[in-house]
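Everything on this sheet refers to the single structure shown next.
Here is the naming used below: chain letters follow the sequence lines, and residue numbers restart at 1 for every chain.
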Protein chains: 2
Amino acid sequence: MTTLRDVARHAGVSIGSVSTVINNTAPVSPALRAKVLLAIDELGYVPDAVARSLKMGRTRTIGLILPDITNPHFAAIAGAIEIACDAAGYSLLLCNTMDNPTKELRDLRLMRTQRVDGVILVPGVGDGDYIGELNRAVSVPIVLIDRTLPGLDFDAVVLDNRAASHGLVDYFVRSGHRRIGIVIGPPGISIAKQRLEGYLQALADHDIDVEPAYIAHGGFQPEPDYHATAGLLALRRRPTAIMSTSYHTTIGVMKALLDKGFRCPNDISVAGIDDFVWATAFSPKMTVMAQPIADMARHAAQRLFGRISGAITGPAEVLVSPPTLLVRESTRPLVD
Amino acid sequence: MTTLRDVARHAGVSIGSVSTVINNTAPVSPALRAKVLLAIDELGYVPDAVARSLKMGRTRTIGLILPDITNPHFAAIAGAIEIACDAAGYSLLLCNTMDNPTKELRDLRLMRTQRVDGVILVPGVGDGDYIGELNRAVSVPIVLIDRTLPGLDFDAVVLDNRAASHGLVDYFVRSGHRRIGIVIGPPGISIAKQRLEGYLQALADHDIDVEPAYIAHGGFQPEPDYHATAGLLALRRRPTAIMSTSYHTTIGVMKALLDKGFRCPNDISVAGIDDFVWATAFSPKMTVMAQPIADMARHAAQRLFGRISGAITGPAEVLVSPPTLLVRESTRPLVD
DNA sequence: TAGCGTCTCTGAAACGTTTCGGAGCAACTT
DNA sequence: AAGTTGCTCCGAAACGTTTCAGAGACGCTA
């Protein structure tokens with residue numbers, strides 16, 4: 001590995017001068033610059049970010065901690081953040097928690113030892129203990145995305161989850177449905193809680209009594225949500241419409257319908273939260289509440305960069321993004 | 001940020017002793033250990049990986065460069081590699097090339113300045129220039145995954161692409177099809193080339209003449225592959241079966257069928273390469289050649305770790321993994 | 001008692017940068 | 001002619017670790 005010293009020696013100048021040329025942090029004579037550039041080229045010198053980070057006290061790296069990169073929803077977040085990082089000159093350290101609190105804590109600590117300049121975090125189900133650890137664990141700016149945490153003032157950018165499920169219920173009701181089921185995730189996760197609240201509020205707004213059996217708890221995973229849906233379908237008076245509350249949930253729901261022999265939308269209407277490229281490639285094309293996921297991720301990244309640079313100060317802000325209803329073919333008006 | 005020095009001072013011992021305790025790299029008295037551990041705890045000291053990396057000459061970080069994390073196929077790779085890294089005590093630096101050679105080169109260089117210990121790379125369409133740069137750009141072990149590069153001896157783990165498309169054609173022929181179309185990606189990418197070869201070879205093996213019009217070139221992206229498929233469907237004597245050669249391609253193909261009013265498999269059979277969770281959640285459930293993607297990724301990671309540690313030496317090896325045919329409902333025997 | 005291992009621990013050098021006080025020199029001002 | 005200013009460039013300190021030669025203390029043997 002060739003170092004600054006090698007370049008300096010080869011060019012016959014001082015180490016400091018080479019550094020100045022590389023970062024052009026001060027005016028230098030054309031002659032010096034030429035000599036240095038030539039030496040760099042001849043030796044194939046590449047600066048050492050590790051040494052640089054040590055000296056500068058910052059790594060130009062941010063950490064991204066999310067539950068599961070395999071989930072297209074989080075992959076979309078990761079993709080948008082990577083682009084933002086690239087544009088801003090940051091590197092990206094990726095961690096997958098698998099919704100495992102222990103792993104999440106480990107990842108958080110990793111961020112600390114790795115001295116990242118900031119963290120973008122999709123928090124999992126953290127108990128009080130976890131939140132304390134979180135506050136302690138990281139001494140750099142954090143911005144939350146997608147999910148949020150109670151009693152924590154971090155910058156955050158999230159979907160208007162209540163509006164999303166409220167809107168879905170509204171749409172169902174407008175189409176004549178009144179027996180509306182929901183497949184929802186674990187209540188420990190903020191979005192599950194909020195999406196359920198939106199559902200309940202919407203029913204109340206439409207003067208529809210809540211039927212507890214219509215609320216099926218899954219796990220935001222295809223498998224448990226499949227079974228949750230199966231439960232809904234086995235009901236004597238089953239719902240005429242089901243709302244799915246996440247990408248993975250939608251897979252579970254649709255799989256259950258297919259396996260149990262229900263046609264969608266003929267026998268039952270389904271709408272979900274989260275859009276995806278293949279939502280229009282198969283039958284039925286899915287009616288969904290789409291979230292501006294790329295924008296949200298971009299915004300989270302910008303906010304983090306602002307915090308890091310000090311351009312943004314002041315109290316934490318949470319940006320709530322509005323969802324968009326995309327009516328397609330998995331839903332239809334209820335005709336008696 | 002509290003340092004080793006702070007801990008040492010607080011515990012009333014030398015810096016070196018603290019280091020030895022932390023890494024227990026030499027025997028120390030119980031008393032010393034206790035004092036140090038207490039001080040670490042009281043000060044909330046966290047070791048600085050940057051300084052450590054500088055001193056040790058390695059970062060315990062590997063780089064992952066792939067075309068598009070948003071593509072579930074690559075996301076699956078990333079997920080499996082993250083798990084392997086976590087288990088082996090490595091951090092993961094993620095880069096998205098978007099199949100842009102310029103960006104890919106930039107990412108490669110980033111790996112070098114970041115002093116990662118190794119790189120796992122899904123190479124894009126690189127010309128000769130690129131390969132030279134690649135060799136020069138990185139001085140650490142590289143292992144290729146998914147795609148490969150001509151005239152480059154890096155460790156690699158790839159699918160048996162010829163067998164995958166050959167097997168798909170075999171299956172179609174066994175089902176009575178003889179007019180078999182293919183939607184294929186850009187020939188610059190190794191897997192596109194190999195998958196096309198498998199297709200051609202299989203046709204030859206079955207004594208079926210190649211119909212050039214049945215070979216539709218897309219881009220391994222939903223959009224161009226949609227149009228490529230539309231071209232196939234507009235043929236006077238259109239294929240009775242279409243094989244899709246990637247995840248994104250399958251989306252394009254199925255979307256085209258849906259939009260153009262063809263029912264699958266009734267009007268036309270479709271089978272693809274790459275399985276995905278939602279392949280069984282919608283209609284039709286897709287017949288696919290699945291690849292053992294998680295195993296492949298794990299293997300790539302292990303191979304890289306072995307190269308880094310020096311446990312693996314010798315010439316580059318490429319591991320070719322066999323695909324598995326999963327017959328579902330997007331294909332059916334041809335009845336005349 | 002002197003010499004010698006053994007066991008702990010200390011202190012300093014080194015990793016590759018950035019940064020900054022100051023040296024050297026030429027061109028001005030007075 | 002002496003002093004001042006401005007422009008380049010140099011050299012060394014510092015960032016937080018790891019590592020290693022060696023200092024001290026202790027118990028043993030001869």
Side-chain angles (χ1 to χ4, degrees), chain A residues 1-40 43-61 89 91 110 112-117 139-140, chain B residues 1-40 43-61 89 91 110 112-117 139-140:
Chain A
M1 201 78 333
T2 84
T3 75
L4 221 41
R5 192 204 321 279
D6 301 325
V7 176
R9 197 160 21 215
H10 192 259
V13 301
S14 81
I15 293 182
S17 297
V18 179
S19 177
T20 355
V21 169
I22 290 177
N23 308 302
N24 58 348
T25 161
V28 294
S29 71
L32 211 215
R33 175 182 310 280
K35 272 191 297 185
V36 169
L37 259 25
L38 180 66
I40 287 179
L43 296 180
Y45 167 78
V46 174
D48 185 329
V50 175
R52 180 175 235 271
S53 295
L54 176 62
K55 182 62 196 169
M56 309 259 288
R58 61 190 168 76
T59 54
R60 283 256 128 194
T61 295
S91 304
L110 178 67
R112 205 140 106 97
T113 86
Q114 291 285 21
R115 297 296 194 262
V116 298
D117 294 342
S139 46
V140 293
Chain B
M1 201 80 328
T2 83
T3 74
L4 221 41
R5 191 203 321 279
D6 301 324
V7 176
R9 194 157 27 212
H10 192 260
V13 302
S14 80
I15 292 183
S17 297
V18 180
S19 176
T20 21
V21 167
I22 290 178
N23 308 303
N24 59 348
T25 160
V28 294
S29 72
L32 210 215
R33 176 183 309 278
K35 274 191 294 185
V36 170
L37 259 24
L38 181 67
I40 287 178
L43 296 180
Y45 167 78
V46 175
D48 184 329
V50 175
R52 180 174 235 272
S53 294
L54 175 62
K55 182 61 195 171
M56 310 257 290
R58 61 190 168 78
T59 53
R60 283 253 128 197
T61 295
S91 304
L110 178 67
R112 205 141 106 98
T113 86
Q114 291 285 21
R115 297 297 194 261
V116 297
D117 294 342
S139 46
V140 293

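- The closest side-chain heavy-atom distance from A:S91 to B:Q114 is below 4.5 Å.
- Between B:L4 and B:S19, the closest side-chain pair of non-hydrogen atoms falls below 4.5 Å.
- Put simply, OG1 on A:T2 and CG on A:D48 are 10.0 Å apart, with the number rounded to the nearest 0.5 Å.
- Applying the side chain to side chain contact (heavy atoms under 4.5 Å, CB included) test between A:Y45 and each of A:D6, A:V18, A:V36, A:I22 identifies A:I22 as the sole match.
- Considering only side-chain atoms of B:P27, the nucleotide from C:dC9, C:dT8, D:dC9 that sits closest is C:dT8.
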> How would nucleotides 11-20 of chain D be written as a contact map, 5' to 3', with B for base contact, S for sugar-phosphate-only contact and - for no contact, using protein heavy atoms under 4.0 Å?
Replying inline: B--BBBBBB-
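- Within the 4.5 Å cutoff, no side-chain heavy atoms of A:R58 are placed close to those of B:V50.
- Within the nucleic acid shown, A:V50 has no heavy atom closer than 4.0 Å to any nucleic acid atom.
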